[in-house]
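The structure appears right after this line, and notes come after that.
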Amino acid sequence: MNQHPDFLLNEIHSPKDLKKLNLEQLKQLASEIRTLILEKDSVEGGHLGPDLGIVETTIAYHYVFDAPNDKIVWDVSHQTYPHKMLTGRAIGWLDPEHYEDVTPYTNPEESPYDYFAIGHTSTSIALATGLAKARDLKGGHERIAALIGDGSLTGGLAFEGLNNAAVEKHNLLTIINDNQMSIDENVGGVVTALKKLRDSNGETPENPFTAMGFDYYYEANGNDIEKMIAAFEKVKDLDHPVVLHINTLKGKGYQPAIDDEEAHHWVLPFDLKTDKTTVPAPTLPNATSVALDVTKKQIEKDKTTLAINAAIPGVFGLGEIKKQYPDNYKDVGIAEQESVAFAAGSVKEGGVPILFENSTFLQRAFDQLSHDVAANDLPVVMIVGNGGISSQSKTHLGIFDQVMVGNLPNWNYLAPTTLAEEKAMMEWALSQRKHPIAIKLPTKSVPEGDDAKTIKNYDEIKYQITSGKNPKITIIGLGDFFGLASEVAQQLGATLVNPLSANILDKDALDNLAHDSEVIVTLEDNALDGGFGQKVASYLGDQAVKVLNYGQDRVYTDQEPVKDIMERNHITVDHLTQDIKNILD
């Protein structure tokens with residue numbers, strides 16, 4: 001049910017409706033949009049600070065420009081809640097029963113006002129250059145814009161895009177939403193350059209944009225609708241590349257989000273009265289706390305240790321490391337390529353890097369994982385978080401890390417099944433100085449395990465095998481799918497295997513298992529194609545045993561419930577037991 005039938009937003013079905021409003025009505029609309037962002041995020045969770053800060057700019061853009069003919073590419077697009085409300089999707093905020101109807105990022109399948117599915121940073125300007133070039137070739141005259149902010153200028157592709165945007169022959173607008181924050185604090189020389197521009201009201205001669213050839217304009221109050229309308233009117237029809245640099249307040253309209261910008265970039269469901277999350281705190285110890293404990297002990301033991309991340313300290317709780325060991329902490333900004341290359345450089349000089357990467361963002365650094373680390377066989381230690389099947393947007397899936405890392409030479413991708421195993425794997429990885437090692441953090445609750453019984457050396461991968469009453473069936477459960485494998489094995493009396501590594505096979509164990517078994521089943525919390533199970537199946541291809549592989553099919557799911565994904569791929573106890581029985585029958 002629509003909770004706000006009296007809101008002016010109910011009358012806005014497309015940007016054309018905005019053009020009928022006066023300034024006071026536009027300000028009222030901004031207030032309504034903020035109210036709805038807070039209400040929905042408090043129930044569902046989501047990006048908060050970025051969307052609260054971009055409201056006036058979004059209203060002004062759609063008031064001045066003619067979307068969807070005029071095109072704007074939103075970088076990351078986690079700040080597009082206001083855009084979506086103004087382009088026919090307000091019901092996704094007005095009515096709680098429709099909260100799930102609208103995806104959290106731009107999505108061309110959802111609306112003609114969205115031009116790309118975008119969930120990673122720094123891509124907007126590069127995409128806009130392609131739009132502009134194709135427009136020129138067709139003889140078109142639509143206006144093309146890219147809006148980039150929240151630290152996205154620290155990503156390498158942003159510079160590549162700027163390099164090409166600067167020589168575009170016709171209209172191309174780059175809007176730099178400068179709110180002085182990324183997910184965490186902004187880092188690097190871009191911070192210095194933007195500050196000089198802000199402090200001089202855009203007048204400093206040390207202007208990197210004009211140096212590249214852009215026409216440059218500055219607006220000090222990007223949260224003033226009237227000023228933003230004037231700024232957009234000034235630049236919209238300029239027939240050459242323009243940078244419009246705007247200063248905005250991240251979290252505007254909600255004081256807690258202003259006071260603690262990092263904590264309110266993205267939020268879990270929370271109580272609007274107290275600002276406290278309504279989600280229970282994770283139990284300790286867990287996979288993240290174990291990784292932090294090992295990291296702290298390593299820093300205490302070896303002062304050349306570096307904890308490295310790309311603008312996502314909150315994902316791993318690295319704020320504690322940043323505070324206690326500032327010299328041993330490095331945030332490279334939203335620049336995964338730099339983070340991996342930085343780790344490679346530090347280890348070459350005798351440092352001990354521990355690289356913390358989020359599965360979905362790791363895609364951006366594939367070349368560095370291969371060219372800079374694997375080809376040089378450098379002993380970088382990488383901790384991969386959120387690698388698993390999830391209900392996330394199709395731009396934030398964590399199902400490709402094994403396919404990337406596991407198919408590169410020299411990398412060993414370890415997958416712990418207990419917290420004790422995770423600790424042992426990290427400690428071993430840090431002690432060996434031979435090869436790059438990645439460790440896939442469990443995304444599900446895993447047992448603490450028995451430290452005394454956990455193997456400590458992974459120079460050779462030797463599968464951990466528990467024999468069952470029915471040796472005809474073998475279940476191999478990788479990482480945090482070992483728990484699921486255990487349930488299936490218990491029901492069928494099957495042999496249970498913990499393979500330890502997502503890509504290094506224990507061929508002797510597989511030969512023995514194939515000799516004794518009629519069917520071998522692999523389970524992995526990842527994309528199936530190119531993954532662990534297919535490596536097992538390929539190795540056993542010439543042996544007289546059936547191999548069944550289970551993981552996620554090769555599709556981009558988009559906000560699909562995990563339960564549905566699991567059932568469709570038969571990754572449930574009931575489906576698995578029935579499939580195995582059918583094969584044996």
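What you see is a predicted model; the values in this text were computed from it and never measured. When reading the values below, keep in mind they use all heavy atoms of this one structure, side chains included, and skip hydrogens, waters and symmetry mates. Heads up: numbering here begins at 1 and tracks the sequence.
Few gaps surround NZ on K444; more than 12 heavy atoms of other groups in view lie less than 6.0 Å from it. More than 12 heavy atoms of other shown residues, nucleotides or ligands fall within 6.0 angstrom of atom NZ in K456. Residue H371 places its NE2 atom among 12 or fewer non-hydrogen atoms of other residues, nucleotides or ligands, all under 6.0 Å distant. A 6.0 Å sphere centred on NZ of K296 holds more than 12 heavy atoms belonging to other residues, nucleotides or ligands. No more than 12 heavy-atom neighbours from other residues, nucleotides or ligands sit within 6.0 angstrom of CZ on R554. Within 6.0 Å of CD on Q490 lie no more than 12 heavy atoms contributed by other residues, nucleotides or ligands.
The backbone N or O of E567 lies less than 3.5 Å from no partner atom in the side chain of T572, so there is not a single donor-acceptor pair. Put simply, the side chain of N407 gets close to the backbone of V403: a donor and an acceptor are under 3.5 Å apart. Between the side chain of E421 and the backbone N or O of T417, at least one donor-acceptor pair lies under 3.5 Å. Remark: the backbone N or O of K535 is not paired with any side-chain donor or acceptor of S538 at under 3.5 angstrom. With T474 contributing its side chain and S517 its backbone, the two residues share no donor-acceptor pair below 3.5 Å. Between the side chain of D75 and the backbone N or O of G149, no donor-acceptor pair lies under 3.5 Å. Distance alone, capped at 3.5 Å, is enough to place a donor-acceptor pair between the Q432 side chain and the K434 backbone. Of the possible donor and acceptor atoms, none in the side chain of N376 sits under 3.5 Å from a partner among the backbone N and O of L378. In this structure a side-chain-to-backbone donor-acceptor pair under 3.5 Å is present from K40 to Y99. With hydrogens and angles ignored, the 3.5 Å screen pairs no side-chain donor or acceptor of E560 with any backbone N or O of Y556.
Using cut-offs of 30° and 60° on the angle between ring planes, the pair H396 and Y105 is parallel.
Using modelled atom types, one finds a donor on one side chain and an acceptor on the other under 3.5 Å when comparing N582 with Q578. When only modelled atom types and interatomic distance are considered, D511 and Q543 share a side-chain donor-acceptor pair under 3.5 Å. Between the side chains of N164 and K133, no donor-acceptor pair is found at a separation under 3.5 Å. With hydrogens and angles left out, the side-chain atoms of S393 and Q559 include no donor and acceptor closer than 3.5 Å. Side-chain contact annotation: D114 with W74, donor-acceptor N/O pair under 3.5 Å absent. Between the side chains of D508 and Y463, no donor-acceptor pair of N or O atoms lies under 3.5 Å.
Partner of I520 under the side-chain contact (heavy atoms from CB on, under 4.5 Å) criterion, chosen from L548, L513, N549: L513.
Aromatic ring centres of W411 and H435 lie farther apart than the 6.0 Å criterion allows.
Q552 has its side chain within reach of I565: a pair of non-hydrogen atoms, C-beta onward, lies under 4.5 Å apart. For the pair F482/L496, a side-chain contact is recorded, criterion being any heavy-atom separation below 4.5 Å from C-beta on. Counting only heavy atoms from C-beta outward, the side chains of T360 and L397 never approach each other to under 4.5 Å. When side chains are defined from C-beta on, S124 does not count as touching I118, because their heavy atoms never get closer than 4.5 Å. For the pair I475/L523, a side-chain contact is recorded, criterion being any heavy-atom separation below 4.5 Å from C-beta on. Residues D451 and K423 form a side-chain contact, since some pair of their non-hydrogen atoms from C-beta on lies under 4.5 Å apart. Side-chain contact between V405 and N503: absent, with no pair of heavy atoms (C-beta onward) separated by less than 4.5 Å. The shortest distance between side-chain heavy atoms of Y413 and I439 does not fall below 4.5 Å.
Residue L306 holds its CG atom at 9.0 Å from CD1 of I354, rounded to the nearest 0.5 Å. Note that CD1 of I580 and CD1 of I473 are 6.0 Å apart. Values are rounded to the nearest 0.5 Å. Atom OH of Y458 is separated from atom CH2 of W428 by 9.0 Å, given to the nearest 0.5 angstrom. Atoms OG1 and CD, from T454 and E422 in turn, are 11.5 Å apart once rounded to the nearest 0.5 Å. With values rounded to the nearest 0.5 angstrom, Y550 atom OH is found 9.0 Å from T522 atom OG1.
Ionic pairing of E109 and K394 is present here: one or more N-O contacts between side-chain nitrogen and carboxylate oxygen are shorter than 4.0 angstrom. With respect to the salt-bridge test (charged N to carboxylate O, under 4.0 angstrom), the residues R89 and E110 qualify.
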Next item on the list: With side chain to side chain contact (heavy atoms under 4.5 Å, CB included) as the test, would you mind laying out the steps for D525 and L478 before giving the verdict?
Entry: CA-CA 8 Å; D525 195 4; L478 180 70; over 6 Å; no
Item checked: Pair I125-F159, side chain to side chain contact (heavy atoms under 4.5 Å, CB included): steps then yes or no -> CA-CA 9 Å; I125 305 172; F159 292 95; over 6 Å; no
Item checked: Working for side chain to side chain contact (heavy atoms under 4.5 Å, CB included), residues I476 and V521 -> CA-CA 6 Å; I476 306 178; V521 177; over 6 Å; no
Checklist line | Steps toward side chain to side chain contact (heavy atoms under 4.5 Å, CB included) verdict (S111, K84) | finding: CA-CA 9 Å; S111 170; K84 291 197 172 197; over 6 Å; no
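Sorted pairs that involve residues 365-391 and meet salt bridge (Lys or Arg N to Asp or Glu O under 4.0 Å), not counting sequence neighbours, are lacking altogether.
The two atoms that bring I148 and A158 nearest to each other are CD1-CB, 3.8 Å, heavy atoms only.
In this structure Y81 satisfies the ring-ring contact (aromatic ring centres under 6.0 Å, His included) test together with W93, sequence neighbours excluded.
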Determine all donor-acceptor pairs shorter than 3.5 Å in which one atom belongs to a side chain in residues 379-392; sequence neighbours excluded.
{"unit_1": "N386", "atom_1": "ND2", "unit_2": "N358", "atom_2": "OD1", "d": "3.0"}
{"unit_1": "S390", "atom_1": "OG", "unit_2": "Q392", "atom_2": "N", "d": "3.3"}

